[in-house]
Amino acid sequence: MAYNAFENFLAVVDKAAKAVGMDEQDYIAIKYPERELKVSIPVRMDNGSIQVFEGYRVQHSSSRGPCKGGIRYHQDCDINEVKALAAWMSFKCAVVNIPYGGGKGAIKVDPSKLSKSELERLTRRYTASILPIIGPEKDIPAPDVNSNSQIMDWVMDTYSMMKGYTVPGVVTGKDLDVGGSIGRPEATGRGVMIITLQLLKKLGIDPKGVSIAIQGMGNVGSVAARLLYEKGCKIVAVSDVSGGIRNANGLDMQEVLAFIGNKQRFLKDYNADNVEHISNEELLETKCDVLIPAAMENQITKDNANKLQCKYIVEAANGPTTKEADEIIDKRGIILVPDILANAGGVTVSYFEWVQNLQALWWDLDEVNEKLEKIMVKAWNELDDVANKNHLSYRLAAYVVAIQRISRAKKLRGIFP
Ligand code: GLU
């Protein structure tokens, strides 16, 4: 049977709640999405023909505030994936305790196959289709896999044109010139770096020389690689969609990142002394201290969890590990910091962007980075406490924190009517 990310989410929710003796009645109202919208998006292509794309927006929870979460452009996305991604957003925002629920959108498309003007028409029509359910006080989209600041700028403009005035707070991850926040592009990778250093600190390990393998060189993986490299870590392997490169003595990350540039070149074409080419599967099985999956869901599964040669996993992607793999990882004594904390830096600075937009006030980079660090470190300490007190893995502890926070809000507000 095909992997169903939302079923995976539900199973972990039940397991975490059970581990701390919660009754299903205490949290049943927060398991399922509040709203699921599916749209057909007709686009006039450059050659004059019309193509219809499928799009989604799922709002998992608005109990703690407006829904929040990215829009993914990917040829393989489906509704169950978007439901899981939306739910993970609610849980993520609860873990870092920012006043949001969770949502997620997606368009089933490979954007690299579209021209820039086709991409713009697709984005604007998708925005118009989901317009009734988004807004700065309802649901605030952001970038995700294969979407970027230009796409967010079009979302903002389309929404604003329909309203008749500029509404920067409808979407985050915009360019600076149209209300984006300084520090947002690198925030997710920065958060991954902050959490990796917190984990190492707790274990009494000096980051200098710690070996790290990173799957995915998109916005998240490449920034995490750069920042951890700058902290003196040894990046032994990295990969992108074309495959990976490895050097047990450490890659020259400055050179590798310069080679990739702005996604113009692929790692399969990178060559240097003592660098071997590997597959994405081999990357995951690379001998290292810290493995950072920073690509897609469903990468660490029951089929490869026994082959991992890392001591720690910091999940930069959303949902890279299945629940069966989690159990194997636990048994093997590999410590895993889950996605809903490790990659929460992005949505945290999105929250800062939205706050700045609502106040029409700009913060500087130091202020953004200091506030980000403060929120991430506090969330890490709270998670560590819950894990230790209840003898839980960090995954289950993070779910416990989220379930408790969201269900408390739900209980205080009461069930309408
Ligand atoms: N797409 C990112 C995530 O999965 C960021 C979401 C946001 O900033 O709203 O966390």
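Every number for a ligand or one of its atoms is a count from 1 in the order of the listing.
Separation of the F91 and F9 ring centroids falls under the 6.0 Å cut-off.
The closest approach between a heavy atom of K92 and any atom of ligand 1 is below 4.0 Å. For the ligand labelled ligand 1, residue P143 lies inside the 4.0 Å heavy-atom shell.
Using a cut-off of 4.0 Å between Lys/Arg side-chain N and Asp/Glu carboxylate O, R395 and E315 are scored as salt-bridged. Residues E327 and K331 are not paired through a salt bridge, judged by the lack of any N-O separation under 4.0 Å between the basic side chain and the carboxylate.
To the nearest 0.5 angstrom, D240 atom CG is 7.5 Å from N280 atom CG.
In the model, Y351 has no side-chain atom that pairs as donor or acceptor with a side-chain atom of E353 under 3.5 Å. Checking S350 against R184 by side-chain atom types alone, a donor-acceptor pair falls below 3.5 Å.
Heavy-atom proximity to atom 5 (C) of ligand 1, evaluated over K104, R184, K68, is greatest for R184.
Scanning the protein heavy atoms around atom 7 (C) of ligand 1, the nearest turns out to be A142 CB, 3.3 Å.
Under a 4.0 Å criterion applied to the non-hydrogen atoms of S350, ligand 1 contributes the atoms 7 (C), 8 (O), 9 (O). Heavy-atom proximity to M89, at under 4.0 Å, picks out these atoms of ligand 1: 3 (C), 4 (O), 6 (C), 10 (O). Within ligand 1, the atoms closer than 4.0 Å to a non-hydrogen atom of D144 are 1 (N), 2 (C), 4 (O), numbered from 1 in the order shown.
Under 4.0 angstrom from ligand 1, the non-hydrogen atoms of N318 all belong to its side chain.
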